[in-house]
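Reviewing the structure listed below.
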Amino acid sequence: MELKVNQDNCLGCGVCVVACPVNVSISPEVSGGHGSKTTETIMMVENGVIKLFSEDKCTKCGTCQVFCPTDAIWLE
Amino acid sequence: MAANIKEVKAKDFNVERSAEEDRELSFKDESCVGCGVCETICPVGAIKLGSVGAIVRNDIDESKIEIDEEKCVLCGMCSVGCPVDALEFTVDGTPISEIETYPKLISSAEIDDDTCIYCKACERACPREAITVARQLPDRSKLVTGEIDIDKETCIDCGICEEMCPADAITIDQKGPEDFDIAVDKDKCVYCLVCKKACPVDAIMAACRTCSYGEYDLDPKDAEVTGKALIDDDACVRCGWCEEVCPVDAAKVEKPFEGELNLDLDKCTTCGACVDVCPCDVLFFPKSSAPATLDDKLMKDEQFCIYCGACENVCPVEAIDVKRTGIKCTPTKSKSWQKSIDSLKTN
Amino acid sequence: MPKHIASGLKYLAALELVRDGYSQKQISKMLNVNKSTLSHYLNGRNISLGSIEIAEIVREFSPRDFLVFTDAIIEDKEATKTIVKTCLVNKYSVEVKDSCIGCGICVDTCLIDAIVLDDLKAHIDSDICCGCRICAEKCPTNSINILEE
């Protein structure tokens with residue numbers, strides 16, 4: 001099972017970035033919505049769309065998919 | 001030597017080897033709670049727990065466990081360890097739960113029909129929808145006694161009684177502009193006298209005798225609710241909700257594992273994966289007690305925990321620790337089986 | 001050709017069995033050979049010397065090769081068992097360790113039915129065991145030790 005994104009659907013809202021429990025433990029400021037630039041987190045909003053950086057850290061809990069309003073991030 | 005044959009049907013699978021004996025392992029994804037006990041107990045590493053969090057929360061069409069039929073030796077240990085009977089193992093067609101040489105987890109859930117009052121509290125509380133209470137209610141007419149009569153000559157066909165009758169016992173059959181029939185169904189009428197009081201022309205004569213001497217006309221036996229409470233063994237996870245909510249102690253549950261469930265609230269990020277995968281409704285987010293107050297991040301009703309460990313497996317930040325301290329199991333003469341069962345205990 | 005080698009192996013086994021005091025009637029049953037063919041064998045008729053020579057070479061194979069070869073050319077399991085037992089004379093001590101999980105793979109693998117399961121553990125009959133070690137190799141938990149005595 002892999003984490004996938006579709007940038008065409010992404011609103012750039014960043015809900016997945018904030019909701020992801022792994023992101024929070026890697027970079028607490030991300031969970032505060034500051035979006036500080038780090039490639040250590042699983043995903044980040046870059047230039048208004050979601051981008052995966054360290055998807056190997058994903059534990060496949062499915063939280064991002066639960067919260068994404070446009071089905072732009074999912075596990076498959 | 002006969003090779004294993006695997007058959008996959010949607011999310012379920014069968015692995016079979018036919019030689020001296022016919023050995024068959026069947027997996028039912030619907031019963032599986034994603035606890036990973038099978039993965040832990042498998043002596044040859046043939047079972048892999050899937051991404052249960054993603055599968056359960058996003059309804060992904062994927063099996064919760066995977067089996068490598070090349071590695072599986074069809075020993076049956078996974079079936080013995082599975083606390084929810086999602087894996088069934090048969091030898092020559094007989095489930096090993098019925099073969100004495102194989103150990104078996106000791107667990108049960110029963111509802112005693114003699115004590116049960118068929119209130120359906122257990123059916124509502126069961127987190128797995130495993131309980132069905134089928135009940136027959138007594139005839140309403142046998143619980144009341146009285147008299148009712150409508151004088152058709154006086155009746156003006158206004159329909160007020162029909163509209164007001166709470167028991168839908170009165171029907172008016174309109175045959176023509178001035179032609180009608182009015183009737184009272186005595187099996188439905190409870191002699192509440194609403195019709196009598198509402199009738200604008202006093203066309204209804206009725207009396208209730210239930211609370212005066214009428215009680216003697218009634219047989220208490222006629223008021224009994226009968227039925228049967230059924231537990232679907234495939235769906236039941238022995239969580240104990242039914243036992244807790246039963247007002248008459250008719251439900252008895254024995255859990256296969258004993259243990260401890262510990263939450264590390266400093267680590268918890270409230271992602272909710274554990275809440276969604278818990279098969280027993282043990283974990284929940286508290287309601288805020290007042291605006292802008294945050295109570296505990298995550299709470300537990302540990303009395304319903306079966307210590308399966310599904311929540312611990314799914315937590316992305318290691319905020320949950322499930323300790324299994326006891327395994328209730330029938331004895332086995334095999335040292336390797338005993339060792340494997342004991343390995344399910346956590347230190 | 002395989003049939004000739006099979007006859008050679010049956011001949012070798014028959015000689016051993018006669019020495020062990022079995023009657024021709026018993027031997028014909030044990031090797032699944034009709035009585036007249038058997039008496040021809042024992043009188044050295046109707047069997048080419050080449051077949052006997054090859055059978056004797058086969059007898060020098062390792063127990064495993066001998067068993068697999070015999071199993072392949074003799075189409076009768078009981079006859080295979082008899083030939084293996086009479087032609088392979090070494091004794092083996094067998095041990096099944098407590099790590100055995102009773103999966104039954106050894107039972108399915110054994111070509112001469114030397115293994116049974118009891119109380120979720122394999123039990124190997126050392127009287128039957130020919131030391132081929134196929135079971136030990138297939139055992140997923142490495143629980144079988146077979147040593148030549």
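These figures come from a predicted structure and were not determined experimentally. Residue numbers begin at 1 in each chain, while the letters A, B, ... track the order of the sequences. Heavy-atom basis, side chains included; hydrogens, waters and symmetry copies ignored.
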Under 6.0 Å from the [atom1] atom of [X], do we count more than 12 heavy atoms belonging to anything else shown?
| X | atom1 | result |
| --- | --- | --- |
| C:Asn90 | CG | yes |
| B:Lys48 | NZ | no |
| B:Glu7 | CD | no |
| B:Glu70 | CD | no |
| C:Phe69 | CZ | yes |
| C:Glu95 | CD | yes |
| C:Lys29 | NZ | no |
| C:Gln26 | CD | yes |

Sort C:Ile134 into side chain, backbone, both or neither according to what part of it lies under 4.5 angstrom from a heavy atom of chain B.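 Neither part; nothing is under 4.5 Å.
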Given heavy-atom pairs under 4.5 angstrom as the criterion, report whether the side chain, backbone, both or neither of C:Asp113 touches chain B.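 For C:Asp113, side-chain heavy atoms alone lie under 4.5 Å from chain B.
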Kindly determine whether B:Arg17 and C:Ile105 satisfy side-chain contact (heavy atoms from CB on, under 4.5 Å), including the steps that lead there. CA-CA 10 Å; B:Arg17 182 177 93 222; C:Ile105 283 188; 3.2 Å; yes
Would you call B:Glu21 and C:Leu117 a side-chain contact if the rule is heavy atoms closer than 4.5 Å?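 B:Glu21 reaches C:Leu117 side chain to side chain.
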With the side chain counted from C-beta on, respond yes when B:Ser336 and C:Leu120 share a heavy-atom pair under 4.5 Å apart, and no when they do not. no
If you take all heavy atoms of B:Cys75 and C:Cys103, which pair is closest and at what distance?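 That closest heavy-atom pairing would be CB-CB, 3.8 Å.
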NZ of B:Lys335 to NZ of C:Lys121: how many Å apart, nearest 0.5 Å?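 Going from NZ on B:Lys335 over to NZ on C:Lys121, the span is 7.0 Å.
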In Å, rounded to the nearest 0.5 Å, how long is the span from OH of B:Tyr102 to CG of C:Asp119?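 Going from the OH atom of B:Tyr102 to the CG atom of C:Asp119 covers 10.5 Å.
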State which residue, out of C:Asp108, C:Thr109, C:Val116, fulfils the side chain to side chain contact (heavy atoms under 4.5 Å, CB included) condition with B:Glu20.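 Filter result, single survivor: C:Asp108.
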Using non-hydrogen atoms only, which part of B:Val73 is less than 4.5 Å away from chain C: side chain, backbone, both, or neither? both
Is chain C contacted by the side chain of B:Ser340, its backbone, both, or neither, given a heavy-atom distance below 4.5 Å? neither
